[in-house]
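Residue numbering restarts at 1 for every chain, and letters A, B, ... go by the order of the sequence lines.
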Protein chains: 2
Amino acid sequence: MPAYDHPDPATFELTSVLRALADPARLDIVRHLGRVGEANCATLVGTRPKSSMSHHFQVLRDSGVLRTRIEGVQHRNSLRREELDMRFPGLLAAILNAP
Amino acid sequence: MPAYDHPDPATFELTSVLRALADPARLDIVRHLGRVGEANCATLVGTRPKSSMSHHFQVLRDSGVLRTRIEGVQHRNSLRREELDMRFPGLLAAILNAP
DNA sequence: TGCCTTGTTCGATTATTGTCGAACATTATG
DNA sequence: CATAATGTTCGACAATAATCGAACAAGGCA
């Protein structure tokens, strides 16, 4: 599989990022990644079907929140911390620290 | 026009706040209020109809982002800065500073 | 090769949200 | 009281987004 397309930080859109974060399932993903650093999809799939999760990962990826690195058969996801913070300083920290 | 109900900061929900902010029209409202402090609805209505704006104000109010004070026939809106910052430190600042 | 694992894509359905006109309520003000 | 100004509410419709099973693709391994 070809690698994913990840948007350039200069093109991150605030509304897209906020929409991506404004969903419970995706917020769970983001917070989990905030704790563990990197995780493949299977690790993050809870009770929801894979196809739903795949969709959520795509939304997060397309908005710039996370990056997906392919290693063998696994897709490893991690937050794009530096890039997000460059474009929207303090935003991700506020999300990760929120109750 | 009984006064509006404004949620208690302890009950603010992150996903609700993010959903409220994740809309272009509402983001415009929030940023405008960030600059001018307080404004009534008419001041903030651009090209959109009043009924649409009224809806957006309600979403922002219900999530805790802004408060509406009634003065005569006008409804004056302002950000709930301190309360938001108490519950989600840095979040509003990140939004207002974002490009 | 055959099979298992990991995850995507497709398509259909459902659910949630946004949009906006029309009618209404309230507060001035002439 | 009649009228204007400011917003809300209602209802219908449109647009957007989430859900999820089934079929598919690719890599790793026996």
In whole angstrom, what separates A:Lys50's NZ from C:dG7's P?
-> 9 Å

Select one nucleotide: of D:dG7, C:dG18, C:dG21, the one nearest the side-chain heavy atoms of B:Ala42.
-> D:dG7

Can the positive tip of A:Arg61 be found less than 6.0 Å from the middle of the six-membered ring of A:Tyr4, inside 45° of the ring normal?
-> yes

Whole Å only: how far is the CD atom of B:Gln74 from the P atom of C:dT29?
-> 11 Å

Nearest listed nucleotide, side chain of A:His75, among D:dC10, C:dG7, D:dG21 | C:dG7

B:Arg69 CZ to C:dT26 P, straight-line distance once rounded to whole Å = 21 Å

Under 4.0 Å between a side-chain N/O of A:Ser54 and OP1 or OP2 of C:dT8, yes or no?
-> yes

Out of C:dT8, C:dT9, C:dT5, which has the shortest distance to the side chain of A:Cys41?
-> C:dT8

C:dG21 C1' sits how many Å from B:His55 NE2, rounded?
-> 16 Å

Return the 5'-most residue of the pair A:Arg26, B:Arg61 with respect to DNA chain D, ranking by each residue's nearest nucleotide.
-> B:Arg61

A:His56 has an atom NE2; how far is it from atom C1' of D:dT19, in whole Å?
-> 8 Å

If you check every side-chain atom of B:Val73, which of D:dT8, D:dA18, C:dT27 has the closest atom?
-> C:dT27

Before accepting this row, confirm whether a basic side-chain N of the pair A:Glu82/A:Arg80 lies closer than 4.0 Å to the acidic partner's carboxylate O.
-> no

Just how far, in rounded Å, is P of D:dA17 from CG of A:Leu21?
-> 15 Å

Where do B:Leu27 and B:Leu21 come nearest, in terms of heavy atoms and distance?
-> CD1-O, 3.7 Å

DNA chain C: 5'-proximal contact among B:Glu71 and A:Gln58 (nearest heavy atom) = A:Gln58

Verify the cluster assignment for B:Leu18 and B:Val59: are they in a single hydrophobic cluster under the rule of side-chain heavy atoms below 4.5 Å apart?
-> no

Polar side-chain atom of B:Arg87 near backbone of B:Pro9 as donor-acceptor pair, under 3.5 Å = yes

Euclidean distance, atom CG of residue A:Asn40 to atom P of C:dT8 [Å, nearest integer] | 10 Å

Round to the nearest Å and state the distance from A:Arg48 atom CZ to D:dC20 atom C1'.
-> 12 Å

Is any side-chain N or O of B:Ser52 closer than 4.0 Å to OP1 or OP2 of C:dT19?
-> no

Check whether any side-chain N or O of B:Arg76 sits under 4.0 Å from OP1 or OP2 of D:dT6, and answer yes or no.
-> no

